[in-house]
Structures are given as C-alpha cells and as structure tokens.
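The shown structure was predicted, so the numbers you read here are calculated from the model rather than taken from an experiment.
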Amino acid sequence: MRSITVDLGERSYPIHIGSGLLRTIGERCREAGIPLRSPLLVVSDSEVAPRYLAEVEASLHEQGYSVVSHVIPAGEASKSLAVYEEVITTAIQAGLDRSSAVLALGGGVVGDLAGFVAASYMRGIGFIQIPTTILAHDSSVGGKVAVNHPLAKNMVGAFYQPLMVLYDLDTLSTLPPRQVSSGLAEVVKHGLILDSEFAYWCREHAGDLLALDAEALGYALERGCAIKAVVVGNDEREQGQRAILNLGHTIGHAIEAVGGYGVFLHGEAIAIGMAGSALLAAKLGRDQGIYEDTVSMLSALSLPVSLPAEFSEDELMEAMMHDKKFKEGKMTFIVPDSIGAVSIVNNVQQSDVREVIAQLKKEGSPW
Ligand SMILES: NC(=O)c1ccc[n+]([C@@H]2O[C@H](COP(=O)([O-])OP(=O)(O)OC[C@H]3O[C@@H](n4cnc5c(N)ncnc54)[C@H](O)[C@@H]3O)[C@@H](O)[C@H]2O)c1
Ligand SMILES: [Zn+2]
C-alpha cells in the first residue's frame, strides 16, 4: 500500500492507495475515531453500487456499525440540488448525528455530491472518500465539494476536507476504456504543471497505464495525488497558486458546455484544452516543442487533442466569457513555460484565444 499525507495542519489527512482496501474500511473508520453508536451513510451510484457496495457494507457491519446506503443514478445529472435534498432526507431518516460520517463510494460525481452533503448536514460531519475512477484521484483530494445549478456547474459548494481517502485499485478494473483515458488526462496534467519527469514517464508507460497494470497505475496515482496534495497544502482555498491545477480547464469547460455534457468526457475536454494551452504558449513566445510534447503525451493515452469542425468558435468564446476567470476584457490562462512548469497569465488577449480555437479545429480528427 502507498500512503501520502495532505498537509493542512489540523485538517491534514491520509490518502491510502492499494489493492484490497474496500474490505478494510470498517477498521479504518474505527481507527479514525468514528463511534459505533453513530450511523454511517454510504453514497454510491447505480454503476458502482452493484459491484462494490456489498463489500463496503460488510466491512462496516463487521466492525459493528449501522449503515444506510443511498444509491443515485450514475452520471453528472445527479450532482443536483434535487438529488442533494434526497440524500439529506435519507441522512435525517437514518438518524445521522454530529459524530456520523458520509462515505463517498464512486467517481467524482458521487464524491462531490456526498462531500457537499457531509459539509452541510448539521453544519458538517465526517467525510470519507472511496474513489472508484482514475479521475477521482483529482476530485477526491483537495476538499472542493459541490453540486451543479441548472445555470452553472459546481456553483453551490464548499471547501471541505475528508478524514481520509481510501483508493482501492481493484475497483478500477471495471472502468470502461474511455473513462480510463479521461482520468489519465488529469494524471498527466499533474506532471505537466509541476513534474516534467513524471509527465514523460506517463508517455513512456502509457501502454501499461491503459492496460491498468497495477504497479504503473499505483505509482501514477500516487504521483498525481502527491502533486495535487502539495499544491492544495500551499493554497487550500485557491487564493493564488492552486489555480495552476486548472491547466486546460478554461477551454475544456467551454468544450463541455458547448458540446453538451454527453459529447466529451471531462478528461477528454481537458486534454483538448491542454493542447490549446500549449498552442497559446507558442503564441506567447514559448518553445513550440511544448505543444509537440504535450500532444504526444495525450495521444499516447488515447486522448483527443483537437476539436471537431462542428464546434463553433463564437459559442466557445461566449462560454469562456461566462467563465469566472474572465475579467475586464482580458482572460486568465494557465500557460506552460516548459513541460513541468506553468505560469498564471492574466492578460491574455481574446483574439489570441480565438486563434487557438481555430487552430484546434484545423488539426483534424480529435483522436
Ligand atoms: N472536486 C474536485 O476537485 C473535482 C476535480 C475534478 C473533477 N471533479 C468532478 O468530478 C466529476 C467527474 O468525475 P468522474 O469522471 O469520476 O465521473 P463519474 O463519477 O460520473 O464516473 C464516471 C462513470 O464511471 C462509472 N464508474 C465509476 N466507477 C466505476 C467503476 N469502478 N467501474 C465501472 N464504472 C464506474 C460511474 O457510474 C459513471 O458512469 C465531475 O462532476 C467533475 O466536476 C471534481
Ligand atoms: Zn478537471
């Protein structure tokens, strides 16, 4: 098992990564001091629950916990205020108290929703992340929890750190291949922002990662989580440096919004966004090699690096204007300086961004 600590003073917490961790969850809850008299709530989704919920419940029962589970429909649509209310109703009916904990068993959707339930139920109760997607190495670390509003994604939320993250690699074996690549986009992102050696390692070991080789995947998730943990440890509430984690996200979020959330998965949209950020870097005078290396890393992980022709430049620009990173006619972008180093650039011209979008469309088929 690999363990990392997210260093946040009294809110510090461990991330454990390894095989066979689901069956140890009961013991971990005991070790974390969650009392047996307080009921626990496990939130999961309709894809994950049939595969893994019974094992989690059994581990908790074995230690003597009373457990109630709430299964939401799989998919982003469940990160809603309506589903949030339903989960809160389950928590009240089950008699959760201030010493109870919410366990999130699933991907980023379950983690974000269950985390917001934990953050707000009785003004905050214990929270444990049990991520089951590769993407969730990102969403389960750092304490951002939220639900969507019909007008804007992640608009209602909180910073709320978990008590621990338990990452059982065995659960990843049932992920569909596109979900594997999508998650790996955020893994390589962590290399691209802070660790060039790791970014090149991801390219070299792309085959092993796509095949879910346990050794390669364990190392990649450990590095990804560790890099995120350092950034979050330095800037928990995104006053400054934490923004570098948004590499590729301004363009990526616009692609998600314009395409509708069904066309590209989050990591796929972010991959195209990272290719766009590298094009922007070249436009701002950085080495063209950054773009070539970025694209080769993403392509090796079977990720898209260009935009289908039907995406409208006007619609993408408009979606970016709505983005919170747009201020006084200038746009803020995370721009690579080299592989493994980025800057936050506040005065990017809209015309440069428009040219980058046009270039992304010229690069041909996205995959
Ligand atoms: N809080 C943060 O810092 C943060 C960071 C990045 C992303 N996010 C959020 O995370 C969400 C995306 O996360 P995601 O990609 O994990 O999506 P997800 O939770 O929707 O999971 C993707 C799909 O895989 C299925 N699935 C999950 N685990 C599985 C498994 N082991 N086997 C088979 N199927 C499985 C799910 O049911 C779902 O259909 C978005 O809502 C995004 O906003 C949050
Ligand atoms: Zn992301």
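The 12-atom threshold is not exceeded at CD of E197, counting heavy atoms of other residues, nucleotides or ligands nearer than 6.0 Å.
For Y84 and S120, the side-chain atoms include at least one donor-acceptor pair closer than 3.5 Å. Side-chain polar atoms of D293 and Y200 form a donor-acceptor pair below 3.5 angstrom.
Atom CG of N246 sits about 6.0 Å away from atom CD1 of I334, to the nearest 0.5 Å.
D337 and I290 get closest at one heavy-atom pair: O-CD1, 3.4 Å.
By the 4.5 Å heavy-atom criterion applied to side chains, L217 and L209 are counted as neighbours. Within the 4.5 Å cutoff, the side chain of L135 has no heavy atoms near those of the Q179 side chain. In this structure, the side chains of S338 and D287 stay at 4.5 Å or more apart for every pair of heavy atoms. Inter-residue side-chain proximity for V353 and F333 is flagged as met; some heavy-atom pair is nearer than 4.5 Å. By the 4.5 Å heavy-atom criterion applied to side chains, Y121 and I92 are counted as neighbours. Contact check for E76 versus H266: no side-chain heavy atoms found under the 4.5 Å cut-off. Between N346 and K330 there is no side-chain heavy-atom pair separated by less than 4.5 Å. A heavy-atom distance below 4.5 Å is not found between the side chains of K144 and D112.
Note on E313 versus K361: salt bridge recorded, some NZ/NE/NH1/NH2 to OD/OE distance being below 4.0 Å. A salt bridge between E31 and R28 is present, with a side-chain N of the basic residue lying under 4.0 Å from a carboxylate O of the acidic one. The pair E256-K153 fails the salt-bridge criterion, with no side-chain N (NZ, NE, NH1 or NH2) lying under 4.0 Å from an Asp/Glu carboxylate O.
Ring planes of Y219 and F198: perpendicular class, angle over 60° (limits at 30 and 60°). Ring planes of H205 and W201: parallel class, angle under 30° (limits at 30 and 60°).
Residues forming a side-chain hydrogen bond (donor to acceptor under 3.5 Å, both in side chains) with S46 (at least two apart in sequence, or on another chain): none.
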- Task: Determine, step by step, whether V348 and T332 satisfy the side-chain contact (heavy atoms from CB on, under 4.5 Å) criterion, reporting the C-alpha distance in whole Å, the side-chain angles of both residues, the deciding distance to 0.1 Å, and the verdict.
- Result: CA-CA 6 Å; V348 175; T332 297; over 6 Å; no
- Message: With side-chain hydrogen bond (donor to acceptor under 3.5 Å, both in side chains) as the criterion, how do R51 and T171 come out once you've worked through the C-alpha distance, each side chain's angles and the decisive distance to 0.1 Å?
- Response: CA-CA 8 Å; R51 296 175 164 101; T171 63; over 6 Å; no
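Following chains of ILVMFWY side-chain contacts shorter than 4.5 Å, one cannot reach V71 starting from L113, and the two form parts of different hydrophobic clusters.
A donor-acceptor pair is defined here as one N or O able to donate and one able to accept, closer than 3.5 Å; no such pair exists between the side chain of S12 and the backbone of D7.
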